[in-house]
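Scope of the values below: all heavy atoms of this structure, side chains included, with no hydrogens, waters or symmetry mates.
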Amino acid sequence: MIYHYRSFLRIPTFLLLLFAAAIAAHAAIEQTPSSQSRNRLAIVIGNSDYQSPRLEHLPNAANDATRLSESLKRLNFEVLTGTDLSTEGFAKLLREADAKLPTASGVLIFYAGHGVQLLGENYLLPIDTPDPESLEKLKAGAIRLNDVIARFARRDRQTFIFLDACRNNPLGPGAGAGNGLAQVEVGENTFVAFATQPGNVTADGGGENSPFTIALLKNLEIPGLSISDMMIRVRNETEALTVGRQVPWDQSNLREQFYFTEQQVLDPAQLSASLSRILADPIAKKRLQVELASNDLQTAVLIVGQTLRSVEIAAPSAGLPEPVGTQVANLSPAETVEDARQSVVSGLETLIVGTSAGEADKDKAGDLARSIQTELRRLGCYRMQVDGDWGTGSIRALTDFYKNTKQVASTTDPTVGLLGDLFLRSGRICKQPVIVKPKPGKVASDAGPSRTKAVSNRKTAKRSQVAPERPAAPPPDIGAGIGIGGVF
């Protein structure tokens, strides 16, 4: 039986208000028609209308695909959407995606519908899947998940797979099948997210979308969230919506963090106004301080703003020129940006530093440095640990920021003015990717007598036994495949 939770899972009124505020926040985001804006490909599938009476109708699956497609288009993905796909429909959509792969910098695949685990492997079921009378008959038209991963995953391109498909086994107990989906062998540079933990089943949902998709839609368009941070929020909110019955899981071997919102820009005047309103409300200010413990300043302001009806980020100010790139300096007239920056700086003086400059003790200086590091990390310029220790790595990241924004560095010290400038920026300023280079092997020289080479080889072998070489450190921002309940 599929859990529906229709009798007790209803989205409360306050959550609907929150969604309305989130939509208002998204209105502030302008789409950037950059050269990379169409390089991210999404394949979104939702299967609801199954023909076999033994495969239950899933009314929300097609709704989930439609809503997610709309969100991904706002995030500058080129989206291929398919609902109620037959076996041939699956094949046709994947062939269409194949033709777009040569120019794709990243690929996202979302599937909502029936999925089964057969002999430890996962299969996605088209709507014309025949009555599952036997294992062989069920597998005949099913789509093997590992084949899909192998088809799209590549070392030099990020691949993301979201599966809201952990439904019950239609064959019943035994027969080589199990409930839910099994863990997978992820491809290179690939992220796989399950709507619930391995071996468990998901809810189709009592509203118009499944609990997992509701949580995903709520967090997908929050600027500044990496995919890892987004999944933590999705996991917690899905678990809350299903009263603990469903805990999303993910596996990852990404080589660098991914941000869904890296090609978007925000109106700095509206960011400044939102910060001012939050700081004027004691309750909102406390919420902001709590969010700052796990988020950068800009993301924290947007999250708190979504939860307060009195704080809404409206549409960009009238008269603003069309944005170019992702630099705030290009978004507004100089005086508008300067006004916003001055307003932000005055607010940050009390939030981060204290009520006056005299209160800026060692701890406050560390808080300021930590906040600047998190903003630089959000902008793609800082790849080290956020620890509040302003050292060589922080200075190098700041120098990279100045270089990419074509600014002359007045100082490399952490200041409130610098934090204000970073807060008003959006998008990915520093776009240098993490490059994993194989360690070159040693090549023996052909010069000299063979006896000399043999002696040299023996000495090298002896040294390697005494002091084994330290393994290379992993590159920054590599996902460790961490899910609730363990690491795999």
Side-chain angles (χ1 to χ4, degrees), residues 25 28-29 219 221-226 228-230 232-233 257 259 261-262 264-308 311-313 326-328 331 337 339-354 360 363-390 394 397-398 401 405 413-430:
I29 303 174
N219 292 281
E221 296 184 58
I222 295 179
L225 282 183
S226 68
S228 301
D229 291 337
M230 184 200 75
I232 290 174
R233 296 175 62 86
Q257 275 294 8
Y259 296 78
T261 57
E262 69 176 350
Q264 294 176 313
V265 290
L266 301 174
D267 184 342
Q270 295 296 334
L271 280 173
S272 172
S274 294
L275 177 61
S276 297
R277 291 171 188 165
I278 291 172
L279 294 178
D281 184 330
I283 296 177
K285 182 178 177 180
K286 287 183 179 180
R287 290 182 182 176
L288 179 59
Q289 291 170 332
V290 170
E291 290 291 344
L292 283 175
S294 55
N295 291 295
D296 59 81
L297 178 61
Q298 187 185 94
T299 302
V301 167
L302 290 168
I303 290 172
V304 174
Q306 288 181 8
T307 64
L308 297 175
V311 180
E312 296 181 358
I313 303 179
T326 58
Q327 297 181 21
V328 167
L331 293 177
V337 174
D339 290 344
R341 193 187 71 82
Q342 289 297 333
S343 175
V344 166
V345 168
S346 63
L348 294 180
E349 286 282 2
T350 58
L351 180 69
I352 305 291
V353 179
D363 291 338
K364 296 296 184 181
D367 290 343
L368 177 60
R370 189 177 296 106
S371 295
I372 291 176
Q373 287 172 340
T374 57
E375 294 302 306
L376 286 169
R377 187 181 184 93
R378 173 178 60 81
L379 297 171
C381 303
Y382 185 73
R383 299 181 182 275
M384 300 176 66
Q385 181 180 359
V386 175
D387 54 9
D389 182 10
W390 193 260
S394 301
L398 181 57
F401 167 76
T405 53
D413 294 329
T415 65
V416 177
L418 170 61
L419 178 59
D421 183 19
L422 296 172
F423 167 72
L424 294 174
R425 303 261 174 180
S426 55
R428 301 289 283 170
I429 299 297
C430 307

Starting at [atom1] of [X], measure out to [atom2] of [Y] and round the result to the nearest 0.5 Å.
X	Y	atom1	atom2	result
Asp281	Ser276	CG	OG	13.0 Å
Ser294	Arg233	OG	CZ	8.0 Å
Ser394	Ile372	OG	CD1	9.0 Å
Leu302	Leu275	CG	CG	10.5 Å
Leu288	Leu279	CG	CG	6.5 Å

Donor-acceptor pair, [X] side chain versus [Y] backbone, under 3.5 Å?
X	Y	answer
Ser272	Pro268	no
Glu349	Val416	no
Arg378	Leu422	yes
Ser274	Gln270	yes

Listed by chain and number, what are the side chain to side chain donor-acceptor pair (under 3.5 Å) partners of Thr374, not counting sequence neighbours?
-> none
Report yes if the side chains of Asp296 and Arg377 come closer than 4.5 Å at any heavy-atom pair, otherwise no.
-> no
Under 4.5 Å between any side-chain heavy atoms of Leu424 and Arg341, yes or no?
-> yes
Specify the closest pair of heavy atoms between [X] and [Y], including all atoms of both residues, with the distance to one decimal.
X	Y	result
Thr261	Ile222	CG2-O, 3.8 Å
Val304	Ala284	CG1-O, 3.9 Å
Cys381	Ala397	O-CB, 3.1 Å
Leu292	Leu297	CD2-CA, 3.6 Å
Arg370	Asp387	NH2-O, 3.6 Å
Val344	Gly420	CG1-CA, 3.7 Å

Intermediate values then yes/no, side chain to side chain contact (heavy atoms under 4.5 Å, CB included), Gln373 and Trp390 | CA-CA 9 Å; Gln373 287 172 340; Trp390 193 260; 4.3 Å; yes
Which residues pass the side chain to side chain contact (heavy atoms under 4.5 Å, CB included) test with Val290, sequence neighbours left out?
-> none
Let me see the working for Leu418 and Leu398 under side chain to side chain contact (heavy atoms under 4.5 Å, CB included), right down to the final yes or no.
-> CA-CA 10 Å; Leu418 170 61; Leu398 181 57; 3.7 Å; yes
For side chain to side chain contact (heavy atoms under 4.5 Å, CB included), just list the numbers for Asp421 and Phe401, CA-CA rounded to whole Å, side-chain angles, deciding distance to a tenth of an Å, and then say yes or no.
-> CA-CA 11 Å; Asp421 183 19; Phe401 167 76; 3.9 Å; yes
Side chains of Gln257 and Ser228, donor plus acceptor under 3.5 Å = yes
Run the numbers on Leu271 and Gln298 for side chain to side chain contact (heavy atoms under 4.5 Å, CB included), then give the verdict.
-> CA-CA 8 Å; Leu271 280 173; Gln298 187 185 94; 3.7 Å; yes
